[in-house]
Amino acid sequence: MRKKYFFFDIDRTLGLDISQIIPADTVYCLNRLRQLGHSVAIATGRLQCDSFRTASRYGITSLVSDGGNSLTIDNTLIEMNGLPIANCRALLHELERRHLPWAVFTDNTMVRHTPYESFRHLGQSQLFQTDVTPVDIDSLTTIYKIVHVRPAAGDPPLDTYGLSRLPYITNTYLVEPTDKGAGIRRFMEHAGAPLEDVVVFGDGLNDIAMFVSPFFRIAMGNARPQLKERADYITDDNDKGGIFHACRRFGWI
């Protein structure tokens, strides 16, 4: 069988909800794909350090993480790029002017830095260490992600400054890279393999950039409607054998 290159989103595709728990039938499928000579990788918006932790638990050695901005091959971090720093600084200055609390991720760790004490309890605070300390915006040289409070209803909208922004929990926005497709293309350049051999699985809006031709695109049954519209095939929900059923249907396992 011709070798395929599989890229799986984590949250609500591989994993149940936003946990690191992958259903047993999906774990079997991942192992069987590798046994048959296929490439199995993760494609996620999570930071490399976070996604690497999940991948290692299940024997996955390659990652397109940080929304396409970092690339790990055979457990080696090949590259990791931050957001455009001038754009980030402009956004942070506007947030300051409008008194909207924010936090930044400036390195490949689960630590976020903020001058706002209130941020200890915002934006999935249980997953991260929050370092409350003065932050000189103009001295920042690398930013991987920004989390910030949304404007109140009726207030003027924020300029995006050319950055991708997604609604996040506890009335916040998450600013992060969202071009997993670009990361997959760089991965395939390293592999020296044709893009037509890529198969992607996803469920959310941050997967849209990898639901493009010539990739073969599979949306989970629990995927957002906008993603299903771009899919070549829609499988079952991720907790109902969706990945296993799709791989068996197309003869990959």
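- In summary, the aromatic rings of W102 and F119 are positioned with their centroids too far apart to meet the 6.0 Å limit.
- When side chains are defined from C-beta on, I184 does not count as touching R186, because their heavy atoms never get closer than 4.5 Å.
- Sparse packing is recorded around CZ of R2, with 12 or fewer heavy atoms of other residues, nucleotides or ligands lying under 6.0 Å away.
- A pairwise comparison of heavy atoms in G202 and A223 identifies O-CB, 4.0 Å as the closest pair.
- Between the side chains of Q48 and N108, at least one donor N or O lies within less than 3.5 Å of an accepting N or O.
- Residues T106 and T142 bring no donor and acceptor atom of their side chains to less than 3.5 Å of each other.
- Between P134 and P115, the shortest heavy-atom contact is CA-CB, 4.5 Å.
- Taking all atoms of both residues into account, the shortest heavy-atom contact from N75 to I60 is OD1-O, 4.3 Å.
- When atom types are taken as modelled, the side chain of S51 and the backbone of L47 share a donor-acceptor pair closer than 3.5 angstrom.
- Among the candidates D239, N238, D207, I234, the single residue satisfying the side chain to side chain contact (heavy atoms under 4.5 Å, CB included) test with M220 is N238.
- Under 3.5 Å, the side chains of D131 and T133 contain no donor-acceptor pair of N or O atoms.
- For the side chain to side chain donor-acceptor pair (under 3.5 Å) condition, the pairs that include at least one residue of residues 219-235, sequence neighbours left out, are R217-D232.
- Just one residue in the list V27, N31, I42, V40 forms a side chain to side chain contact (heavy atoms under 4.5 Å, CB included) with Y58, and that residue is V27.
- You'll find the side chain of I85 stays beyond 4.5 Å of the side chain of T141, heavy atoms only.
- A side chain to side chain donor-acceptor pair (under 3.5 Å) check over residues 147-167, counting only residues at least two apart or in different chains, returns the pairs E94-Y161, S164-T178.
- No donor-acceptor distance shorter than 3.5 angstrom exists from the side chain of K180 to the backbone of M210, with no hydrogens or angles considered.
- In terms of modelled atom types and a separation under 3.5 Å, the side chain of H245 and the main chain of G241 share a donor-acceptor contact.
- Hydrophobic clustering (ILVMFWY, side-chain heavy atoms < 4.5 Å, transitive): L122 and Y144 are in one cluster.
- The main-chain N or O of R46 is never found under 3.5 Å from a side-chain atom of D50 such that the two would form a donor-acceptor pair.
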Between F187 and S62, is the side-chain contact (heavy atoms from CB on, under 4.5 Å) condition met? List the steps. CA-CA 9 Å; F187 182 102; S62 294; 3.6 Å; yes
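- For F8 and F201, the ring centers sit closer than 6.0 Å to each other.
- The two atoms that bring A191 and Y5 nearest to each other are CB-CE2, 3.9 Å, heavy atoms only.
- With contacts defined as side-chain heavy-atom distances shorter than 4.5 Å, the pair V175/L91 qualifies.
- A donor-acceptor contact under 3.5 angstrom links the side chains of T13 and D9, judged on distance only.
- Distance check, rounded to the nearest 0.5 Å: CD1 of I22 to CZ of R57 gives 8.5 Å.
- Side-chain contact check for D138 and H93: at least one donor-acceptor pair (N or O, by modelled atom type) lies under 3.5 Å.
- Checking side-chain atoms of D179 against main-chain N and O of A182 turns up a donor-acceptor pair under 3.5 Å.
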